[in-house]
Q: 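One structure coming up, written as structure tokens, with questions to follow.
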Amino acid sequence: MDEGGLLVLCSIDNATIVSSTASFVSATDDLLASGWTMTKPQAFVYGTYRPIGGKQVKTRAIYMEMYHLPGNDKQGVRIEFNPNYISVDEVVKRISFLTSSNDFRLSRLDIAFDLVNEYDLREFVFDLPRVKRNGFKSSSGHLETLYFGAPTSSKRVRVYDKKAERMAAGFSEIQLANSWWRIEVQLRHSAACDWKDTVPTMLPVFTRMSDLPELYRLISIGMMSDADLSFLSKQKLRTWRSKICSAQTDLKDVLLSTFNDNVHQLDVQINTILDNFELESV
């Protein structure tokens, strides 16, 4: 979707499936012979080539590992892949030897929104009510990543500076957009299966700092820098949140519109995964 120069993209950034019955331990030689790389005992990566920094660099497209099942000594298989790097059909082909006689379930699904060339989110405060936040800054003091939700939560949001991440990975600045931020909605277990209803509820509100009265702008700066604001009363924080919501930009609406525009395409991809891995349809 293109809103007045703002490019907003929506895609599946990660899908994870698990099986308590599958095993690839006996297929190690076949995996190595077909292009997989062993990264550690009982863990393999299948890579695809992507342009990075003017070169073709092999990037992880599928990660597969044996893992211990909770509560017993048995092992299962966990498979992670990014449909932006490899097609679902190619994933199915690469692990078809596991899918014919084993049950899998969808364990995690990440839906990503990319904001390119318009909004620099360092100028914004964003909030998701009643959800814990945790921010990380660069050495220059600028926000690079903000999480809403605990690492073990079934629903988590990550907002981060994608341009900074790409430059750290070897891209040059001239290869990238002037501004590139990503919002990832990370869903696990039942929340992943209920992605169509869950994603819209996990999008934060976005408000420009400059649109807030001075006091609430200062509180916002503290919030975005992960400062200790325990001295503020609950009433003051409620008022701050009300100010944020009332002054929010249309960015959340743009994200919702983009999601709705892409929901059919996402649904096709997800159901291709479910159909080929004998998972229940969602």
Q: On a heavy-atom basis, which atom in Lys155 and which in Ala191 lie closest, and how many Å separate them?
A: CG-CB, 3.8 Å
Q: Please determine whether residues Phe24 and Val45 belong to a single hydrophobic cluster, defined as Ile, Leu, Val, Met, Phe, Trp and Tyr linked transitively by side-chain heavy-atom distances below 4.5 Å.
A: no
Q: Which heavy atom in Arg94 sits nearest to a heavy atom in Ser34, and how many Å separate them?
A: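 Scanning both residues, the minimum pair turns out to be NH1-O, 3.5 Å.
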Q: I'd like to know whether Thr258 forms a side chain to side chain donor-acceptor pair (under 3.5 Å) with Asn260, so could you lay out the CA-CA distance, the side-chain angles of the two residues, the decisive distance to 0.1 Å, and finally the verdict.
A: CA-CA 5 Å; Thr258 303; Asn260 290 330; over 6 Å; no
Q: What distance do Lys243 atom NZ and Leu215 atom CG have between them, rounded to the nearest 0.5 Å?
A: 9.5 Å
Q: Between Arg122 and Asp120, is there a salt bridge with N-O shorter than 4.0 Å?
A: yes
Q: Run the side chain to side chain donor-acceptor pair (under 3.5 Å) test on Asn84 and Ser11 for me, step by step, so that the C-alpha distance in whole Å, both residues' side-chain angles and the decisive distance to 0.1 Å come before the verdict.
A: CA-CA 8 Å; Asn84 290 315; Ser11 64; 3.2 Å; yes
Q: Scan residues 174-191 for pairs that pass salt bridge (Lys or Arg N to Asp or Glu O under 4.0 Å), counting only residues two or more places apart or in two chains.
A: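 Qualifying pairs: Asp13-Arg182, Asp114-Arg182, Arg158-Glu184, Arg182-Glu184.
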Q: According to a hydrophobic-cluster definition based on side-chain heavy atoms being under 4.5 Å apart (Ile, Leu, Val, Met, Phe, Trp, Tyr only), do Val25 and Met64 belong together?
A: yes
Q: How long is the span from the NZ atom in Lys132 to the OG atom in Ser153, to the nearest 0.5 Å?
A: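 One finds 11.0 Å between NZ of Lys132 and OG of Ser153.
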Q: Mind checking whether Phe126 and Phe206 have parallel, tilted or perpendicular rings, split at 30° and 60°?
A: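 Tilted.
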Q: Give the minimum heavy-atom separation between Arg78 and Thr16, together with the two atoms involved.
A: CG-CG2, 3.7 Å
Q: With rounding to the nearest 0.5 Å, note down the distance linking NE2 in His264 to CD in Gln269.
A: 11.0 Å
Q: Evaluate the side-chain proximity of Trp195 to Met202: yes if any heavy-atom separation is below 4.5 Å, no if none is.
A: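 In short, these two side chains do not touch, never coming nearer than 4.5 Å.
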Q: List the atom of Val131, the atom of Gly149, and the distance in Å for their closest heavy-atom pair.
A: CG1-N, 3.2 Å
Q: To the nearest 0.5 Å, tell me how far Lys40 NZ sits from Met66 CE.
A: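 Lys40 atom NZ to Met66 atom CE measures 12.5 Å (nearest 0.5 Å).
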Q: Can you check salt bridge (Lys or Arg N to Asp or Glu O under 4.0 Å) on Arg60 and Glu80, steps first, answer last?
A: CA-CA 10 Å; Arg60 187 179 95 169; Glu80 302 175 6; 3.3 Å; yes
Q: State yes or no: are the ring centers of Phe81 and Tyr63 separated by less than 6.0 Å?
A: no
Q: Please determine whether a side-chain nitrogen of the Lys or Arg among Asp194 and Lys196 lies less than 4.0 Å from a carboxylate oxygen of the Asp or Glu.
A: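 Answer for the salt bridge query: no.
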Q: At what distance, to the nearest 0.5 angstrom, does CE of Met223 lie from CG of Leu146?
A: 11.0 Å
Q: Between Arg105 and Ile17, is a side chain to side chain contact (heavy atoms under 4.5 Å, CB included) present by the stated rule, with each step listed?
A: CA-CA 6 Å; Arg105 65 178 176 84; Ile17 58 173; over 6 Å; no
Q: Does any non-hydrogen side-chain atom of Leu187 lie less than 4.5 Å from one of Val199?
A: yes
Q: Just so I know, are the side chains of Leu115 and Leu255 near enough to count as touching, which here means a heavy-atom distance under 4.5 Å?
A: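 Sidechains of Leu255 and Leu115: in contact.
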Q: In sequence, state the C-alpha distance, the side-chain angles, and the governing distance for Val77 and Thr21, and then conclude on side chain to side chain contact (heavy atoms under 4.5 Å, CB included).
A: CA-CA 8 Å; Val77 172; Thr21 59; over 6 Å; no
Q: Would you kindly confirm whether Val185 and Tyr160 end up in one hydrophobic cluster when ILVMFWY residues are joined by side chain heavy atoms under 4.5 Å apart?
A: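 Different hydrophobic clusters.
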Q: Within 45° of the six-membered ring axis of Phe148 and under 6.0 Å from that ring's centre, is NZ or CZ of Arg156 located there?
A: no
Q: Evaluate the side-chain proximity of Ile183 to Val159: yes if any heavy-atom separation is below 4.5 Å, no if none is.
A: yes
Q: Under the side chain to side chain contact (heavy atoms under 4.5 Å, CB included) criterion, do Asp89 and Lys93 qualify, and how do the steps go?
A: CA-CA 6 Å; Asp89 289 338; Lys93 174 183 173 182; over 6 Å; no
Q: Within a 6.0 Å radius of atom NZ on Lys162, are there more than 12 heavy atoms belonging to other residues, nucleotides or ligands?
A: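 Yes.
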Q: Could you tell me if the side chain of Ser179 sits less than 4.5 Å from the side chain of Tyr119, heavy atoms only?
A: no
Q: Is any side-chain heavy atom of Ser210 less than 4.5 Å from a side-chain heavy atom of Glu123?
A: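 Ser210 does not reach Glu123 side chain to side chain.
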Q: Run through Leu109, Ile12, Asn271 and flag the one making a side chain to side chain contact (heavy atoms under 4.5 Å, CB included) with Leu266.
A: Ile12
Q: Between Val91, Thr48, Ile62, which is the residue that forms a side chain to side chain contact (heavy atoms under 4.5 Å, CB included) with Tyr85?
A: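 Option passing the side chain to side chain contact (heavy atoms under 4.5 Å, CB included) with Tyr85: Thr48.
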Q: For Phe124, is the NZ or CZ atom of Arg208 found under 6.0 angstrom from the centre of its six-membered ring and inside 45 degrees of the ring axis?
A: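 Not satisfied by the 6.0 Å and 45° rule.
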Q: Is a salt bridge present between Glu214 and Arg217, judged by a nitrogen-to-oxygen distance below 4.0 Å?
A: no
Q: Please step through salt bridge (Lys or Arg N to Asp or Glu O under 4.0 Å) for the pair Arg108 and Asp110, ending with a clear verdict.
A: CA-CA 7 Å; Arg108 176 171 167 172; Asp110 293 359; 2.8 Å; yes
Q: At their closest point, which heavy atom of Ile273 faces which heavy atom of Ala15, and how far apart are they?
A: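 That would be CD1-CB, 4.1 Å.
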Q: Quick one: closest heavy-atom pair of Cys10 and Ile111, and the distance?
A: SG-CG2, 3.8 Å
Q: Show, in sequence, the C-alpha distance, side-chain angles and deciding distance for Phe259 and Phe113, and conclude whether the side chain to side chain contact (heavy atoms under 4.5 Å, CB included) test is met.
A: CA-CA 8 Å; Phe259 177 70; Phe113 297 85; 3.9 Å; yes
Q: What I'd like to find out is whether the side chain of Asp73 reaches to under 4.5 Å of the side chain of His68, using heavy atoms alone.
A: no
Q: Do side-chain atoms of Ser257 reach the backbone of Asp253 as a donor and acceptor pair under 3.5 angstrom?
A: no
Q: Could you check, using the six-membered ring where one of them is a Trp, whether Tyr46 and Trp36 have ring centers closer than 6.0 angstrom?
A: yes
Q: Any side-chain to backbone donor/acceptor pair from Asn14 onto Asn82? Under 3.5 Å, distance only.
A: no
Q: Check each of Thr207, Thr239, Asp211 against Ile244 using the side chain to side chain contact (heavy atoms under 4.5 Å, CB included) test, and report the only one that passes.
A: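 Among the candidates, only Thr207 passes.
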